[in-house]
Amino acid sequence: MVDPEIRVVTIADLGILRAVEEDPVTGRVVVTITPTYTGCPAMDVIRADIRRALAAAGHPDAEVRTVHSPAWSTDWITDAGRAKLAAAGTAPPAPVRRDGVVPLTLSVRCPRCGSPETEQLSRFGSTACKALWRCRACSEPFDQVKTL
């Protein structure tokens, strides 16, 4: 199922989809998801899409659980998801450091030409989880998924 805001990746690619379990006795399906951030406006659409897909697959009583702990991290984006983002012209996030050091992003490689000569135009891009950048080499604007 594709993400409703970043349509080139699935919710599994983004790490939003945490688990899909079927009770062996009742056959009831429970899907567990975690939002990219609290208050993400896409979560209602994601839940509805999951329920619709499960009902079409013969599971009309499926449950969709939203869990906030552990909190979602951009580290949960799969390698395939990162590649899909870059191929679609969106810079994937940098890896998160877990040693307490907060990295400072001075430059993001352009997903179109690969140049590190880029500048951030706005901390907010087409969605709240992305920032807007421009490449100085090819002059193309692009989104970057913020590192969390």
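On a predicted model such as this, the values are computed, not experimentally measured, just so you know. The basis for the numbers below is simple: all heavy atoms, side chains too, and nothing from hydrogens, waters or symmetry mates.
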If only atom types and distance count, is the side chain of R28 paired as donor or acceptor with the main-chain N or O of D61 below 3.5 Å?
yes

When the side chains of residues 33-42 are checked against the rest of the protein, which donor-acceptor pairs come out under 3.5 Å, sequence neighbours left out?
{"unit_1": "T34", "atom_1": "OG1", "unit_2": "R18", "atom_2": "NH1", "d": "2.6"}
{"unit_1": "T34", "atom_1": "OG1", "unit_2": "V67", "atom_2": "O", "d": "3.1"}

Compare all side-chain heavy atoms of E22 with those of H59 and state whether any distance is below 4.5 angstrom.
yes

Counterpart residues, side-chain hydrogen bond (donor to acceptor under 3.5 Å, both in side chains), relative to D44 (two or more places apart):
R47

Between V145 and V2, is there a shared hydrophobic cluster once you connect ILVMFWY residues whose side-chain heavy atoms come closer than 4.5 Å?
no

Between CD1 on residue I50 and CD1 on residue I16, distance to nearest 0.5 Å:
9.0 Å

Rounded to the nearest 0.5 Å, how far apart are CD of E140 and OG of S115?
12.5 Å

Is there a path from I6 to V108 through hydrophobic residues (I, L, V, M, F, W, Y) whose side chains come within less than 4.5 Å of each other?
no

Under 4.5 Å between side-chain heavy atoms, chaining through other members, with only Ile, Leu, Val, Met, Phe, Trp and Tyr counted: pull out the rest of the cluster around F124, sorted by chain and number.
none

Of the non-hydrogen atoms in W133 and Q144, which two are nearest, and what is the gap between them?
NE1-OE1, 3.4 Å

Does a side-chain heavy-atom distance below 4.5 Å link S107 with T118?
yes

Would you call M1 and T10 a side-chain contact if the rule is heavy atoms closer than 4.5 Å?
no

Quick one: closest heavy-atom pair of D143 and G125, and the distance?
OD1-CA, 3.7 Å

In short, R109 meets G114 closest at the heavy-atom pair NH1-O, 2.7 Å

Closest approach of P93 to T74 (non-hydrogen atoms, all atoms of both residues)
CG-CB, 3.6 Å

Can you find a heavy atom in the side chain of T90 that is under 4.5 Å from one in the side chain of P111?
no

Does L132 sit in a hydrophobic cluster with other residues, and if so which ones, taking ILVMFWY side chains as linked at heavy-atom separations under 4.5 Å, directly or through other members?
L121

Using salt bridge (charged side-chain N to carboxylate O under 4.0 Å, His left out) as the criterion, list what pairs up with D13, not counting sequence neighbours.
K84

State which residues pass side-chain hydrogen bond (donor to acceptor under 3.5 Å, both in side chains) with T127; sequence neighbours excluded, sorted by chain then number.
none

Same apolar cluster: L14 and V64, side chain cutoff 4.5 Å:
yes

Distance-only, no hydrogens or angles: does the K146 side chain make a donor-acceptor pair with backbone N or O of R123 under 3.5 Å?
yes

side-chain contact (heavy atoms from CB on, under 4.5 Å), paired with L17, selected from I11, T32, I46:
I11

